[in-house]
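Please read the structure below before turning to the comments.
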Number of protein chains: 2
Amino acid sequence: MQSVGSETDLTSVESIEQELTLLVRRAQKVHLRGGPTEQVVERAAYGILAWLHDTGPLRSSELAAHFHLDASTISRQVAALEQAGLVTREPDADDRRALRLRLTEHGRGVLTTTRAERRGVVRELLRSWSPEDLARFASLLAAFNAGLDEHLTGDPHTAEGGQR
Amino acid sequence: MQSVGSETDLTSVESIEQELTLLVRRAQKVHLRGGPTEQVVERAAYGILAWLHDTGPLRSSELAAHFHLDASTISRQVAALEQAGLVTREPDADDRRALRLRLTEHGRGVLTTTRAERRGVVRELLRSWSPEDLARFASLLAAFNAGLDEHLTGDPHTAEGGQR
DNA sequence: CCAACTGATTGCATGTACCAACCATAACGG
DNA sequence: CCGTTATGGTTGGTACATGCAATCAGTTGG
């Protein structure tokens, strides 16, 4: 706890690591189910729905790449989504092995509702923040995510934390 | 997508909600297993180890409250930790139903190693950030966590995001 | 001493995720 | 044209994380 400080702004890094650990653990509770329709959108499904909505029809493999998840995980979640009538799996003309996933009208509606609820909670949580802090937090978060994405994409574990 | 903007800095809030969703999903991959000793500390266990280390002997119930998790979840994780020889469960003198959880020497060592690895990854991820951004991110993250904690503690779902 | 409460564990169900095995279609190279 | 290998997806099996309900043990207050 004394000889570790060496490279960067250690104190902030330590703090960030700590807060992130807690955040990831606790944020999962802000699950947001129900809605007017009592539709339940699983936490995982929400992300898929949102990404599909924001970027148009995609293949499973593209979703897997985006979330850095195994194809099988996506496959099951998409199956559930289709089961619930939120997305359709239409065969891809270019490649008959592939499927294009597309939001249904219903899916779009459910996403809109769920998203509004989640944003509501976030807005409520950040009620007292200044616009500058909000903007800063948004952009730092985005930057962090971008770095994380890169980290997960590029190297499996080349990072070399340090000690060894 | 047009009539939603009303209360606060909607754009930042939207962005934060989005990034948070992605972060929570992806951050779990930065799992960090193995170490020199090839000790594997589960994601969930790490948080317990760290909190125990930083705040001294605690009861299960106190851990549960800190993480906002069910007592049963903590119970199982602690059992695993004890199994692995990382913590001890000693009877509490004041109340013979309760147990005081304490890190073992081994537990302390494993925590130190694992924590160093995780901090290493975070440091690596934030390598190019300015000290100011690091400090800002740390404090915004802490503030967000505090708000989240409050949200989870106080009301189950009194928040009232808005639409309904 | 009994009732109500509280700390913790256990049984059961669900969600999320990985890996390995598999099936179908594609893309190549004879 | 076929094999062979590669790619898109699904399914089986497994592990971990978590919650709720039931249970047990010890505490507290009539």
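Quick note on labels: first sequence line is chain A, next is B, and so on, each numbered from 1.
Residue Leu81(A) contributes atom CG, which lies 11 Å from atom P of dT16(C) at whole-angstrom precision. Computed from coordinates, the Arg26(B) CZ to dA17(C) C1' distance equals 16 Å when rounded to whole Å. Nucleotide dT9(C) holds its P atom 8 Å from the CG atom of Leu101(B), rounded to whole Å. Nucleotide dC16(D) holds its C1' atom 16 Å from the CZ atom of Phe67(B), rounded to whole Å. Between the OH atom of Tyr46(B) and the C1' atom of dC16(D) there is a distance of 19 Å, rounded to whole Å. The nearest whole Å value for the distance from the NZ atom in Lys29(A) to the C1' atom in dG19(D) is 8 Å. Spacing between atom CG of Leu63(B) and atom C1' of dT18(D) amounts to 16 Å, rounded to whole angstrom units. Protein atom CZ of Arg43(B) is 17 Å distant from nucleotide atom P of dG15(C), rounded to whole Å.
For dT27(D), one of the phosphate oxygens OP1 or OP2 lies less than 4.0 angstrom from a side-chain nitrogen or oxygen of Arg96(B). A close approach under 4.0 Å does occur between a side-chain nitrogen or oxygen of Gln77(A) and OP1 or OP2 of dA17(C).
Residues Ala93(A) and His68(A) each lie close to DNA chain C; by heavy-atom proximity, the contact nearer the 5' end of the strand is made by His68(A). Between Leu69(A) and Asp94(A), it is Leu69(A) whose nearest contact on DNA chain C lies nearer the 5' terminus.
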Residues Asp54(B), Arg115(B); criterion salt bridge (charged side-chain N to carboxylate O under 4.0 Å, His left out); working and verdict: CA-CA 12 Å; Asp54(B) 297 350; Arg115(B) 189 176 250 181; 2.8 Å; yes

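In this structure the side chain of Leu99(B) never reaches within 4.5 angstrom of the side chain of Glu90(B), judged on heavy atoms.
Considering only residues two or more places apart in sequence or on other chains, Arg136(B) meets the salt bridge (charged side-chain N to carboxylate O under 4.0 Å, His left out) condition with Asp133(B).
The pair Arg59(A)-Glu62(A) fails the salt-bridge criterion, with no side-chain N (NZ, NE, NH1 or NH2) lying under 4.0 Å from an Asp/Glu carboxylate O.
For the 3.5 Å distance criterion, the side chains of Ser60(A) and Arg89(A) fail to qualify, holding no donor opposite an acceptor.
Under the 30°/60° scheme for interplanar angles, the aromatic rings of Trp51(B) and His66(B) are found to lie parallel.
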Nucleic acid footprint by protein, nucleotides 7-13 of chain D - heavy-atom cut-off 4.0 Å, B for base, S for sugar-phosphate alone: BSSSBBB

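Out of dT18(D), dC16(D), dG26(D), the shortest distance to the side chain of Glu42(B) is found at dC16(D).
Annotation: cation-pi geometry not satisfied between Arg26(A) and Phe67(B) (NZ/CZ under 6.0 angstrom from ring centroid, within 45° of ring axis).
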